Amino acid sequence: MKYCPEYAVLLSSFSDGECTPEEARQVQEHLSSCEGCRAYLQQLLLLKDAFPDEAAEEVPDDFAAGVMAAVRADAAPRPAEKRLLIRTLLPMAACFAVVIALVQGGVPGSRKPAPMQEAAQTAAATENRDGGALPAEPECGAASDSVLDVGDTPGSTQNSGCSAAPKADSAPLRLALTPEQEQNLLGVWSCTVDGDTHCYALPQEAFDALCEELEQRRLSASSVEEAKEQAGQDASLQSVLITVEP
Amino acid sequence: MKHDTKPPLPGDPSEQELVAAARRGDADAFEQLVLRYQRKVLALTRRLCADPEDAQEAAQEAFLAAWQGLPAFRGDAGFSTWLYRLTSNCCMDLLRKKQRQVAALSLDESIAEIVDPGPTPQSEAERAELRSAIEDGLRRLPEEYRAALILRELQQLRYEEIAAVLDIEIGTVKSRISRGRQLLRAYLQESGNFSPPCASKEAERRQPQ
């Protein structure tokens, strides 16, 4: 007896346990009176039983190594592993601090966004101007490793980290590793804008939270010198991590 | 040389953790994923591609594509589903590029008409022989049927998952699997691997020599 072609798909699904209860009932009812379909189902089950087994698959010893060689070669042009943060150690006012993060490279698969490049030029230029330290104004009295000093309000006279004519603004402080990954870490804080450089004034606990977050991601170094050391002498420290929402 | 890992132990990083780390560029985490999935991926590519070297190349391509595509992987499908999809695509691309053709079975109903009650393999040897014949038959299936059937039987995926991997409707999954089985069964009967010791004279007469 031949099986019933119109039942082929149902029988196949039935053998996989993928029928709806209604379909299963229909199949069982049909099977009770159709020898051909019973035989067909039996053969389907036999095929399933004898089917090759994935667990028996042999994997060449060097397969994973071959894959990882390609993976690491892919990552090499982008020095994705080193990201460096230099942070202020001691804010001037009791509760405010600001941070600029420097990023070298990106994550695999990401394209280096143009804005980061522009910021890189700003950061690099600023660094050169200050002879190796980032926009730091020693006369503000911050610790030697400080990156940027800001007073307790943007635009205060104590603040000489930013330009002479800062524009005060409020903007969400976001930590962006790549354009695709955005994390709104710390809410909305005051920000002064000087060209491409954004200076945020944060309460101490917010600053601490940010530093902790960046440390967990292993993004921090304690000084420009250490950062350079980690990055390598010829590496260009680039990019500002903190962006302002447009 | 690293050996294929055993199934993860409770203390091991979860797949989710590994995927998250790999997304951030952690190559070591990605390597753990490679070790966990290499067997499954190779099982798939070896049957989607007839040639063993093609299979290995496609498998490596699939993992590399996964590494490069991870930042864009949203995780709304499972990682394995996504990886299998990449794998299937890599195989299809490679087959097209190298213009590998395999003889395709045509669904000849007259062959399939030879119906005898399915035999149970009497011994391990028979079972192994049947398994080997199934491998042969798989190679001759049209790509689409083969892919669906392999994902079902080898990777033990639910129809829903297969639909996600192959980016097709569930109805299409069902029909492709069914057709694949029909063709496979026909091939096995034609090659003599599926005919039982027959009881009835009628069946005896019908059997191909």
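Labels below follow one simple rule: chain letters A, B, ... track the order of the sequence lines, proteins then strands, and each chain is numbered from 1. Everything numeric in this text was worked out from a predicted model, so none of it was measured.
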Non-hydrogen atoms of chain B under 4.5 Å away: do they reach the side chain of A:Leu47, the backbone, both or neither?
-> both
Salt bridge or not for B:Arg127 and A:Asp49, using N-O below 4.0 Å?
-> yes
Let me know if B:Gln56 has heavy atoms under 4.5 Å from chain A in its side chain, its backbone, both or neither.
-> both
At their closest point, which heavy atom of A:Val71 faces which heavy atom of B:Phe30, and how far apart are they?
-> CG2-CE2, 3.7 Å
Heavy-atom proximity to chain A below 4.5 Å, by part of B:Ala59 = both
Per-residue tally against chain B (heavy atom, under 4.5 Å) across A:Arg38, A:Glu35, A:Glu54 peaks at A:Glu54
Audit row: B:Phe63, A:Met68, side-chain contact (heavy atoms from CB on, under 4.5 Å) steps and yes/no | CA-CA 9 Å; B:Phe63 279 115; A:Met68 293 315 295; over 6 Å; no
A:Ala55 versus chain B, heavy atoms under 4.5 Å apart: side chain, backbone, both or neither?
-> backbone
Measure the spacing between CG of A:Leu46 and CD1 of B:Ile134 and express it to the nearest 0.5 Å.
-> 7.0 Å
Anything in residues 24-32 of chain A with a heavy-atom distance to chain B below 4.5 Å? Please list those residues in order.
-> none
Partner set under salt bridge (Lys or Arg N to Asp or Glu O under 4.0 Å) for B:Glu129, not counting sequence neighbours | none
Can you establish whether the number of heavy atoms outside B:Gln156 located under 6.0 Å from its atom CD is more than 12?
-> yes
Counting a contact as any heavy-atom pair under 4.5 Å apart, which residues of residues 6-21 of chain A contact chain B?
-> A:Ala8, A:Val9, A:Ser12, A:Ser13, A:Ser15, A:Asp16, A:Gly17, A:Glu18
Under 4.5 Å heavy-atom distance to chain A, tell me which part of B:Leu44 shows up: side chain, backbone, both or neither.
-> neither
Ion pair B:Glu153/A:Lys48, N-O distance below 4.0 Å = yes
Can you check whether B:Arg152 reaches A:Phe51 side chain to side chain, under 4.5 Å on heavy atoms?
-> no
Where A:Ala64 and B:Leu35 come nearest, the two heavy atoms and their spacing = CB-CD2, 3.6 Å
Between B:Leu70, B:Ile170, B:Leu138, which shows the greatest number of heavy-atom pairs under 4.5 Å with chain A?
-> B:Leu138
Contacts of type salt bridge (Lys or Arg N to Asp or Glu O under 4.0 Å), residue A:Glu57, not counting sequence neighbours | B:Arg46, B:Arg47
Show the numbers, then the answer: is there a side-chain contact (heavy atoms from CB on, under 4.5 Å) between B:Arg39 and A:Phe63?
-> CA-CA 10 Å; B:Arg39 172 160 293 164; A:Phe63 179 79; over 6 Å; no
